Amino acid sequence: PVNRPFPFPSLVVSTVISSSRPGILGRAGRGGAPRYTARMPNPTESSGAARNSARALPSPDDLLADTWRTLVRAVADSRHAWRWPALATIAADGAPDVRTVVLRNASEALHRLELHTDARSTKVAQLAAHPQAMLLFHDARRRLQLRVAVQVAASADATRRSAAWALLSPTARRLYEIGPAPGRRIGEAQAEALRAFTAGRSDDTAGPGDDEAGSAFARFVLLDCTVASIDRLDLSSDGQLRSRHVHEAGGWRHEWLAP
């Protein structure tokens with residue numbers, strides 16, 4: 001008998017080769033057909049292998065540290081999946097509102113994330129009325145999701161605003177020069193003009209601004225998102241794992257959650 005691997009790892013197939021010539025294994029079946037026998041697996045074999053291949057459960061502190069490292073990395077890498085989270089707020093009528101934003105800064109020491117927006121956007125008024133919000137990060141490659149509960153406030157620090165403005169690319173600054181406020185209904189001609197303006201093909205801002213301030217920098221708002229809690233869900237093939245990390249006066253409190 002010659003043991004050969006079968007497509008199913010738990011099944012071993014023995015093939016008996018038949019020959020009509022004497023001295024070669026003898027006859028195994030009618031017409032010289034191979035005969036197959038199956039051996040049932042030993043339960044201790046597979047379970048032991050699974051135990052040996054499984055990684056140790058990471059500590060909550062390690063998970064939180066990895067989360068902040070990844071957020072900081074996303075700030076520096078415009079192609080990182082976590083660079084573009086979704087921000088959920090409460091609209092004036094009480095309905096949920098959500099949009100994609102750009103993560104501009106992350107500070108573990110201050111447990112704070114930074115976003116930028118136009119002062120005329122609806123989210124500014126929404127957050128002034130209901131500062132509690134949620135940021136959703138998702139990395140499809142790592143199969144990792146974060147739900148970050150935050151308290152949001154517009155920064156009044158002029159020095160920080162100026163420094164953040166200076167770091168913006170010319171393309172990003174250009175968005176604050178647009179005349180109509182974000183979300184305002186416009187005509188087809190204005191839509192085409194703004195399309196060309198944001199692509200850098202034109203200097204037409206599609207009409208005067210909707211605000212009295214007028215300047216692009218005056219419309220620039222730096223949003224400080226103070227992290228209240230992080231819900232981390234790992235859906236990797238190594239096994240699903242979910243944890244919650246709540247920031248309190250004395251530091252972080254951790255707890256495990258069912259996935």
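Nothing here was measured: the structure is a model prediction, and the numbers come from that model.
Side-chain contact between Ser162 and Phe217: present, with at least one pair of heavy atoms (C-beta onward) separated by less than 4.5 Å. Using a 4.5 Å heavy-atom cutoff, the side chains of Leu136 and Pro85 are not in contact.
Within the structure, the side-chain hydrogen bond (donor to acceptor under 3.5 Å, both in side chains) test picks out the following pairs touching residues 90-103 (sequence neighbours left out): Thr89-Arg99, Asp97-Arg99, Asp97-Gln126, Arg99-Gln126. For the salt bridge (Lys or Arg N to Asp or Glu O under 4.0 Å) condition, the pairs that include at least one residue of residues 250-259, sequence neighbours left out, are Arg244-Glu255, Glu248-Arg253, Arg253-Glu255. Listed by first and then second residue, the ring pair (Phe, Tyr, Trp, His ring centres under 6.0 Å) pairs that reach into residues 91-127 are His111-His247, His116-Phe220, sequence neighbours excluded. Legend: ring pair (Phe, Tyr, Trp, His ring centres under 6.0 Å) pairs involving residues 125-159, not counting sequence neighbours, sorted by first then second residue: Trp82-Phe137.
Cluster partners of Val72: none. The rule joins Ile, Leu, Val, Met, Phe, Trp and Tyr whenever side-chain heavy atoms lie under 4.5 Å apart, and it links nothing here. Cluster partners of Leu63, by chain and number: Leu57, Leu241, Trp256. The rule joins Ile, Leu, Val, Met, Phe, Trp and Tyr whenever side-chain heavy atoms lie under 4.5 Å apart. Cluster partners of Leu257 are absent, since no Ile, Leu, Val, Met, Phe, Trp or Tyr has side-chain heavy atoms less than 4.5 Å from it. Hydrophobic cluster membership for Leu167: none, as no Ile, Leu, Val, Met, Phe, Trp or Tyr side chain comes under 4.5 Å of it.
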(message) Could you walk me through whether His80 and Ser78 satisfy the side-chain hydrogen bond (donor to acceptor under 3.5 Å, both in side chains) test, starting with their C-alpha distance in whole Å, then the side-chain angles of each, then the deciding distance to 0.1 Å, before giving a yes or no?
(response) CA-CA 6 Å; His80 197 285; Ser78 62; over 6 Å; no
(request) Show your reasoning for whether side chain to side chain contact (heavy atoms under 4.5 Å, CB included) applies to Val102 and Arg83. (result) CA-CA 6 Å; Val102 181; Arg83 180 67 183 273; 3.4 Å; yes
(request) Dump the intermediate steps for side chain to side chain contact (heavy atoms under 4.5 Å, CB included) on Leu175 and Phe197, then the final yes or no. (result) CA-CA 9 Å; Leu175 298 178; Phe197 176 77; over 6 Å; no
(request) Determine, stepwise, if the pair Arg112 / Asp224 fulfils salt bridge (charged side-chain N to carboxylate O under 4.0 Å, His left out). (result) CA-CA 7 Å; Arg112 188 174 70 193; Asp224 283 332; 3.7 Å; yes
(message) As a quick check of understanding, evaluate side chain to side chain contact (heavy atoms under 4.5 Å, CB included) for Thr226 and Val150, giving each step before the final call.
(response) CA-CA 5 Å; Thr226 303; Val150 292; over 6 Å; no
(request) Would you check, one step at a time, whether the test side-chain hydrogen bond (donor to acceptor under 3.5 Å, both in side chains) holds for Arg232 with Thr67? (result) CA-CA 8 Å; Arg232 175 181 169 127; Thr67 297; 2.8 Å; yes
(request) Go through the steps to decide whether Arg104 and Leu168 satisfy the test side chain to side chain contact (heavy atoms under 4.5 Å, CB included), and finish with yes or no. (result) CA-CA 10 Å; Arg104 296 294 185 178; Leu168 291 181; 4.0 Å; yes
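A side chain to side chain contact (heavy atoms under 4.5 Å, CB included) with Leu135 is found for one member of Leu146, Leu115, Val227 and no other, namely Leu115.
The side-chain contact (heavy atoms from CB on, under 4.5 Å) check on Arg69 picks up Ala65, Asp66, Arg73, with sequence neighbours excluded. Taking Thr122 as the reference, nothing meets the side-chain hydrogen bond (donor to acceptor under 3.5 Å, both in side chains) condition, with sequence neighbours excluded. With sequence neighbours excluded, the residues forming a side-chain hydrogen bond (donor to acceptor under 3.5 Å, both in side chains) with Ser59 are Asp62, listed by chain and number. Considering only residues two or more places apart in sequence or on other chains, Ala92 meets the side-chain contact (heavy atoms from CB on, under 4.5 Å) condition with none of them.
Heavy-atom minimum distance, Ala166 versus Arg173: O-NH2, 3.1 Å. Closest approach of Leu103 and Ala74 over heavy atoms only: CD2-CB, 4.3 Å. The two atoms that bring Pro131 and Gln151 nearest to each other are CG-NE2, 3.4 Å, heavy atoms only. Across every non-hydrogen atom of Ala133 and Leu127, the tightest pair is CB-CD2, 4.0 Å. Between Pro259 and Gln240 the shortest heavy-atom distance is CB-OE1, 3.5 Å. For the residue pair Ala216 and Trp165, the shortest heavy atom distance occurs at CB-CH2, 3.8 Å.
Note that CH2 of Trp68 and OG of Ser107 are 7.0 Å apart. Values are rounded to the nearest 0.5 Å. Distance check: Asp61 CG to His245 NE2 gives 9.0 Å after rounding to the nearest 0.5 Å. Annotation: the span from Trp84 atom CH2 to Arg79 atom CZ amounts to 13.0 Å, rounded to 0.5 Å. Rounded to the nearest 0.5 Å, atoms CD (Glu114) and CG (Leu223) are 9.0 Å apart.
A donor-acceptor pair under 3.5 Å links the side-chain atoms of Thr198 to the main chain of Leu194, judged by distance alone. Without hydrogens or angle criteria, Arg143 side chain to Leu235 main chain gives a donor-acceptor distance under 3.5 Å. A donor-acceptor contact shorter than 3.5 Å is absent between the side chain of Arg195 and the backbone of Gln190.
Residues Asp234 and Ser236 have side chains that bring a donor and an acceptor to within less than 3.5 angstrom of each other.
Hydrophobic clustering (ILVMFWY, side-chain heavy atoms < 4.5 Å, transitive): Leu71 and Leu233 are in distinct clusters. Under the 4.5 Å side-chain heavy-atom criterion for ILVMFWY residues, no single connected hydrophobic cluster contains both Leu113 and Met134.
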